**Q** 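Let me begin by handing over the structure; questions about it come next.
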There are 2 protein chains.
Amino acid sequence: MMNLLLSQLSQGDFKRLEPYLKVTSFKQHSVLFEAEQEIKHVYFPTGAVVSLVVTLASGETVEAAMVGADGVVGASAALDGRISLSRGIVQLAGDIIICSIDGLKSTALQSPKLLSLLIRHEQTVYAQAQQSAACLAAHHVQARLCRWLLRARDLSGSDTLLFTQEYLAEMLAVQRTSVTIVAHTLQSAGLIKYARGKIQILDADGLQDGACECYSTVKRHYERLLGPAT
Amino acid sequence: MMNLLLSQLSQGDFKRLEPYLKVTSFKQHSVLFEAEQEIKHVYFPTGAVVSLVVTLASGETVEAAMVGADGVVGASAALDGRISLSRGIVQLAGDIIICSIDGLKSTALQSPKLLSLLIRHEQTVYAQAQQSAACLAAHHVQARLCRWLLRARDLSGSDTLLFTQEYLAEMLAVQRTSVTIVAHTLQSAGLIKYARGKIQILDADGLQDGACECYSTVKRHYERLLGPAT
DNA sequence: TACTGTCTGTATGATACCTTACATAACGGC
DNA sequence: GCCGTTATGTAAGGTATCATACAGACAGTA
């Protein structure tokens, strides 16, 4: 599987970027970078799914955005600033194409097409963050969980997701017991099936009915800016 | 008063941009653009303060970021995409320097300095959005109000702010009655004084003690990327 | 088989905030 | 000064979620 941004590059651009690329496998829960640290690499997931999370002084973490093979992590900071704004963690294990920030920046400044892709992609991530803000303020845990599962499914391309309720709780910024309750509800409704860290999505359409609008809003923004993600 | 981004441009860059600039006054609550619309202009506030808000299907609005003379609104979309991701509203009346998106884009592609400023600024807005997400998820109304008032004070440069509780409630994504209660508490504590849409900040340090970490986190991100805003 | 750690279920009281409703108070126009 | 409008205060019941605690179920290991 390839990364959707890289696959949109011209052959020439890709050749120019290629010397700086290196594929690496990451395990679930790996931390790619911490917030407010100098970053040295840019991450183009191919199989892995990465989340950008804010960490608060209390230790609590809140997810702002999720990126998979449809995007890139750290590109904006690579172009300028060079400091991460959030923590980047691997939600779902898989491969990531790592690129040096200097390689990306020099290539982007020579390739309007690449620069354009990065600028538009950055907007899709921004759109996710602002939608997360609205979602956390206005929507209930159950709708948020449905949204989250659908998003993880889209990015992983699989109906089986390896997440414990504990972990979901952290991502949704709620208590673990709250996740237990709504997960139970969703299972009773026949939408999902889960056991000990393994969640199967049985009825994606049903999940979408239960999800808040944020799922489709984020998708719409993405498709407008970068085309269908298939 | 000048815009902080524009004032960092070289004389040559500014001269190139100048033909596309036009100062306009905006009243409070003006809508600069709606979400998901084609944008034609970029906004450099000088006296005005602008908020970027997400509107949900329910009609509820949630603020993701606030920009004043320290920044620019719509620049990222101007560089590419050309579609707004959120609604832009004027929080506090004042002047805004309007620039055509074509003018900004062509100038930015010729001026690495301007492009760099825009890219770094975009990150400060992203940082606000993700912090808003965390804040809405984890922090109480009182701390959020303190944060919000301090931010509005910084951007307006004034200790007197013209906001009704109704309006504050919308920005904080809570009920008006909740604002009344915490505003009353803050007034009793001698931190603010308010009456019929006019809020005076009496003790900014006290407010900062009551505010959540998000206020200083956002400020720190900004200063790292663009220097002290003074 | 027993043991241990992890994951999930459930219960219970607390609480921040919602929702709705209505009362009071200030301002602006006439 | 009167009156409609807007802004703020307050009350009372409801609810989603928190916080904490503990119990049961499953998987891996010895």
Side-chain angles (χ1 to χ4, degrees), chain A residues 27-29 56 58-63 133-149 160-189 191-200 210-212, chain B residues 27-29 56 58-63 133-149 160-189 191-200 210-212:
Chain A
K27 289 195 209 147
Q28 192 172 33
H29 308 329
L56 296 172
S58 63
E60 193 171 355
T61 64
V62 183
E63 185 187 64
C135 197
L136 286 158
H139 297 146
H140 290 180
V141 176
Q142 184 159 331
R144 298 219 308 272
L145 178 58
C146 291
R147 173 200 169 192
W148 199 93
L149 291 173
T160 302
L161 305 168
L162 299 180
F163 294 115
T164 63
Q165 298 187 354
E166 180 84 43
Y167 195 65
L168 291 176
E170 206 170 323
M171 286 305 107
L172 298 172
V174 296
Q175 294 290 114
R176 199 265 308 159
T177 49
S178 302
V179 172
T180 300
I181 292 165
V182 302
H184 197 79
T185 306
L186 296 179
Q187 180 161 266
S188 300
L191 304 181
I192 63 172
K193 187 159 156 271
Y194 63 94
R196 293 187 74 76
K198 185 168 147 189
I199 302 179
Q200 284 184 59
C212 53
Chain B
K27 288 194 209 145
Q28 192 172 34
H29 307 331
L56 296 172
S58 64
E60 193 171 355
T61 65
V62 182
E63 185 187 64
C135 195
L136 286 157
H139 298 146
H140 291 180
V141 176
Q142 185 159 331
R144 299 220 308 273
L145 179 57
C146 292
R147 174 201 168 191
W148 199 92
L149 291 173
T160 302
L161 305 168
L162 299 179
F163 294 114
T164 63
Q165 297 187 354
E166 180 84 44
Y167 195 66
L168 291 175
E170 207 171 322
M171 287 305 107
L172 298 172
V174 295
Q175 295 290 114
R176 198 264 309 161
T177 49
S178 302
V179 172
T180 299
I181 292 165
V182 301
H184 196 80
T185 307
L186 296 180
Q187 180 161 266
S188 300
L191 304 181
I192 64 173
K193 186 158 156 273
Y194 63 95
R196 292 188 74 74
K198 186 169 146 187
I199 303 178
Q200 285 184 60
C212 53

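Note that the structure is predicted; figures quoted are calculated from it, not measured. By convention in this document, chain letters (A, B, ...) are assigned in the order of the sequence lines, proteins followed by strands, and residues within each chain are numbered from 1.
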**Q** Just report the end-to-end axis angle for the helix from C:dT1-D:dA30 to C:dC30-D:dG1, five pairs per end, to 10 degrees.
**A**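 Angle reported: 30°, given to the nearest ten degrees.
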**Q** Take the protein atom OH of B:Y167 and the nucleotide atom P of D:dT6, then report the distance between them rounded to whole Å.
**A**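 Computing the B:Y167:OH to D:dT6:P distance gives 17 Å.
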**Q** Do side-chain atoms of A:Q142 reach the backbone of A:G210 as a donor and acceptor pair under 3.5 angstrom?
**A**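 No; zero donor-acceptor contacts below 3.5 Å.
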**Q** Reading nucleotides 19-27 of chain D from the 5' end, what letters show protein touch, with B for base, S for backbone sugar-phosphate only, - for no heavy atom under 4.0 Å?
**A** BBB---BBS
**Q** How many Å lie between CD on B:Q165 and P on C:dC17, as a whole number?
**A**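 Roughly 15 Å, once rounded to whole Å.
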**Q** Show the nearest heavy-atom pair for residues B:R144 and B:L172, with the distance to one decimal.
**A**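 Closest approach of B:R144 to B:L172: NH2-O, 2.5 Å.
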**Q** B:H184 NE2 to C:dT24 P: how many Å, rounded?
**A**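 Spelled out: NE2 on B:H184 to P on C:dT24 is 16 Å.
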**Q** Of all residues at least two apart in sequence or in a different chain, which pass the side chain to side chain donor-acceptor pair (under 3.5 Å) check with A:R196?
**A**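 So A:R196 forms no side chain to side chain donor-acceptor pair (under 3.5 Å) with any residue.
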**Q** Side chain to side chain contact (heavy atoms under 4.5 Å, CB included) with A:A143: which residues, sequence neighbours excluded?
**A**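 By the side chain to side chain contact (heavy atoms under 4.5 Å, CB included) rule, A:A143 matches A:C212.
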**Q** What contact category does A:T164 fall into here, base, sugar-phosphate, or nothing, at under 4.0 angstrom with non-hydrogen atoms?
**A**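 Sugar-phosphate only.
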**Q** Does atom CD (B:Q200) have a neighbourhood of more than 12 heavy atoms from anything else shown, all under 6.0 Å?
**A**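 Yes, because the 6.0 Å sphere around CD of B:Q200 holds more than 12 heavy atoms from other groups.
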**Q** Rounded to whole Å, please give me the gap between CZ in B:F163 and P in D:dA7.
**A**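 After rounding, the gap between these two atoms is 14 Å.
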**Q** Measuring from atom CD1 of A:I192 to atom CG of A:L145, what distance do you get when rounded to the nearest 0.5 angstrom?
**A**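 The CG atom of A:L145 is 6.0 Å from CD1 of A:I192, to the nearest 0.5 Å.
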**Q** Roughly, in whole Å, what's the span from CG in B:L162 to P in D:dT8?
**A**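 In whole Å, D:dT8 P lies 11 Å from B:L162 CG.
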**Q** Do you know the tightest heavy-atom contact between B:E60 and A:A138?
**A**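 Scanning both residues, the minimum pair turns out to be OE1-CB, 3.6 Å.
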**Q** Checking B:E63 side chain against B:W148 main chain: does a donor-acceptor pair fall under 3.5 Å?
**A**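 Looks like no, no N/O pair under 3.5 Å.
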**Q** Check side chain to side chain donor-acceptor pair (under 3.5 Å) between A:E170 and all other residues, then give those that pass, not counting sequence neighbours.
**A**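 Side chain to side chain donor-acceptor pair (under 3.5 Å) check on A:E170 returns A:T61.
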**Q** Going by heavy atoms in the side chains, are B:L56 and A:H139 under 4.5 Å from each other?
**A**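 Yes. Closest side-chain heavy atoms under 4.5 Å.
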**Q** Between P on C:dT19 and CD on B:E166, what's the gap in Å once rounded to a whole number?
**A**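 Distance check: B:E166 CD to C:dT19 P gives 13 Å.
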**Q** Heavy atoms under 4.0 Å, any strand shown: does A:S178 hit a base, just sugar-phosphate, or nothing?
**A**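 Here A:S178 touches the backbone only, sparing every base.
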**Q** Does C:dA26 have its OP1 or OP2 closer than 4.0 Å to a side-chain nitrogen or oxygen of B:Y194?
**A**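 So the side-chain polar atoms of B:Y194 never come under 4.0 Å of the phosphate oxygens OP1 or OP2 of C:dA26.
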**Q** In whole angstrom, what separates B:L168's CG from D:dA7's P?
**A**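 Rounding to the nearest Å, CG of B:L168 and P of D:dA7 are 12 Å apart.
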**Q** I need the A:L149 CG to A:L191 CG distance, nearest 0.5 Å.
**A**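 Going from the CG atom of A:L149 to the CG atom of A:L191 covers 10.0 Å.
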**Q** By a strict heavy-atom criterion of less than 4.0 Å, which residues belonging to residues 133-143 of chain B are in contact with DNA chain D?
**A**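 Going residue by residue through residues 133-143 of chain B, none turns out to have a heavy atom under 4.0 Å of DNA chain D.
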**Q** Tell me the interatomic distance from B:R144, atom CZ, to C:dC17, atom P, rounded to whole angstroms.
**A**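 B:R144 atom CZ is separated from C:dC17 atom P by 7 Å.
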